[in-house]
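Reading through the structure tokens given below for one structure.
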2 protein chains.
Amino acid sequence: MGKTRRRGAELEAAIYQATRTIIDREGLAGLTLPKVALAAGTSKPVIYRRWNTPFELAIAAVQDQIRRENKGNMDQYVLTGNSLRADLLQLMHRFLISIDTFGNSYLQSLFTEISQHENEALRKMIDRSSQIDMRAIDGVLKRATDRGENVRTDLADDLKLLPFDWVRYNIFVQKEVTEQRLTMLVDDILLPIYSQE
Amino acid sequence: MGKTRRRGAELEAAIYQATRTIIDREGLAGLTLPKVALAAGTSKPVIYRRWNTPFELAIAAVQDQIRRENKGNMDQYVLTGNSLRADLLQLMHRFLISIDTFGNSYLQSLFTEISQHENEALRKMIDRSSQIDMRAIDGVLKRATDRGENVRTDLADDLKLLPFDWVRYNIFVQKEVTEQRLTMLVDDILLPIYSQE
DNA sequence: TCTTTAAGAAACTTTTGGTATCTTATTGGC
DNA sequence: GCCAATAAGATACCAAAAGTTTCTTAAAGA
């Protein structure tokens with residue numbers, strides 16, 4: 001009775017695929033090795049022989065995806081704008097698309113594990129800190145105008161929140177925010193943006 | 001035999017404390033209600049009566065922390081700079097400090113679940129995408145200078161990565177990146193920063 | 001064809017999340 | 001100060017799922 005049996009690369013491809021499907025649907029938290037075995041149509045020992053933890057497998061699966069879709073790299077694309085502005089828009093546009101399709105979407109679900117209602121509470125917390133941030137920056141800007149400095153008065157919320165978001169992002173990805181980088185943030189990013197031209 | 005028995009606010013404070021310790025050490029993924037019961041020196045039913053999921057408890061614990069340290073709010077502080085630059089530096093400085101002590105550090109561990117070595121792999125992935133991003137933006141900037149536009153040539157890596165980081169952050173916190181916000185990013189943030197004055 | 005390697009089936013053990021039951025300390029009303 | 005109501009905590013229990021072991025057999029290579 002010739003039961004066919006996958007092995008090697010073919011088998012692993014199926015495992016990675018199953019892994020990504022699960023992460024996609026249930027987040028990293030929902031990823032367990034037995035589940036993967038089932039979804040990939042293989043058995044638990046096969047999985048346990050190769051990986052020790054769901055996280056290890058998750059990383060491998062994402063890396064596999066990246067390897068597989070590497071052609072999608074942004075720097076391969078040809079830009080067609082005829083100004084810095086146009087090129088930048090084009091680039092960011094593509095980035096936004098690639099971050100959706102590409103392995104990046106998995107990267108996101110690697111970090112977040114949110115079911116809809118849980119999301120609510122979290123959302124509220126972030127919003128609240130944003131409000132605090134906003135008041136703080138408004139205070140700073142007001143002092144500047146009172147002092148007679150030329151500051152834009154029509155700043156969008158996104159612009160006001162930029163420095164805080166920047167710092168938070170760095171905390172997320174565990175990149176140290178040094179004194180030097182903070183100075184760079186103020187001098188090379190914030191001042192050019194906030195200053196009235 | 002007078003076994004003392006905590007209740008109400010006192011008990012809950014201990015539970016929150018235990019919760020934060022666990023999140024701190026093992027990340028959100030490592031947080032389970034039985035573990036909390038053990039760490040808080042109480043029993044499972046006490047926990048289960050109040051919360052249904054680890055996530056609920058996590059949110060409550062962080063909110064408790066925020067309430068508790070609310071005095072740390074940035075907008076309470078008095079600014080003493082005598083220029084926009086000085087004020088901004090002061091503000092971001094405080095923000096950085098508060099994000100460390102404050103509940104925000106928990107917010108971080110809410111999203112990430114990393115034991116040290118797992119961190120490595122993740123770090124590498126992020127670094128690699130950063131390199132790709134960097135090449136892409138370099139291409140854009142080169143085209144601009146070739147075209148004769150006035151573009152700064154001494155841009156720090158942080159400045160080059162800014163747009164990508166900004167988009168990624170928004171993806172993380174699940175804030176939609178609209179066409180409009182993308183345009184704002186280019187016009188109000190990138191162009192002022194990248195343009196030679 | 002024979003040997004080696006690895007996949008897969010199945011049974012089993014262990015862990016742990018979650019529930020139900022019961023006892024007893026604490027609080028507050030009388 | 002006594003009694004009833006409330007809630008903490010101990011314990012036992014259940015169920016599900018993680019993880020392991022053993023064994024069989026398909027696939028690959030010599």
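Note that the structure is a prediction, hence the values are computed from the model and not measured. The chains referred to below are lettered A, B, ... by the order of the sequence lines, with proteins before strands, and numbering in each begins at 1.
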Expressed in angstrom and rounded to an integer, what is the separation of [X] atom [atom1] from [N] atom [atom2]?
| X | N | atom1 | atom2 | result |
| --- | --- | --- | --- | --- |
| A:R49 | C:dA9 | CZ | P | 12 Å |
| A:I47 | C:dA6 | CD1 | P | 16 Å |
| A:L33 | D:dT20 | CG | C1' | 13 Å |
| A:R5 | C:dG8 | CZ | C1' | 5 Å |
| A:L11 | C:dA6 | CG | P | 12 Å |
| B:Y48 | D:dA15 | OH | C1' | 13 Å |
| B:R7 | C:dG28 | CZ | P | 8 Å |
| A:L38 | C:dA9 | CG | P | 11 Å |

Touch class at under 4.0 angstrom, heavy-atom based, for B:K44 against every strand present:
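The residue B:K44 makes base contact.
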
What does B:R6 touch in the nucleic acid at a heavy-atom separation under 4.0 angstrom: a base, only the sugar-phosphate, or nothing?
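The answer is sugar-phosphate, as B:R6 gets under 4.0 Å only of primed atoms, P, OP1 or OP2.
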
Any [X] side-chain N or O less than 4.0 Å from OP1/OP2 of [N]:
| X | N | result |
| --- | --- | --- |
| A:S43 | C:dA7 | no |
| B:T42 | D:dG9 | yes |
| A:T4 | D:dA27 | yes |

Would you sort out whether B:K35 and B:E26 count as a salt bridge (Lys or Arg N to Asp or Glu O under 4.0 Å), showing the intermediate values?
CA-CA 11 Å; B:K35 254 191 229 172; B:E26 310 178 40; 2.8 Å; yes

Return the CG to CZ distance between B:L96 and A:R181, rounded to the nearest 0.5 Å.
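Here the interatomic distance stands at 10.5 Å.
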
Non-hydrogen side-chain atoms of B:M184 and A:L159 separated by less than 4.5 Å
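B:M184 reaches A:L159 side chain to side chain.
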
Beyond-backbone contact of B:L33 with B:K44, side-chain heavy atoms, under 4.5 angstrom:
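No - every pair of side-chain heavy atoms lies 4.5 Å or more apart.
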
Find which nucleotide of DNA chain D each of B:R50 and A:N52 is nearest to by heavy atoms, and output the residue with the more 5' nucleotide.
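Between the two, 5'-proximity favours B:R50.
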
Using atom types as modelled and distance alone, determine if a side-chain donor or acceptor of A:Y194 lies under 3.5 Å from a backbone N or O of A:T153.
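Not confirmed, A:Y194 side chain does not pair with A:T153 backbone.
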
Looking only at side-chain atoms of A:P45, point me to the closest of D:dA18, C:dG17, C:dA10.
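Of the candidates, C:dA10 comes closest.
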
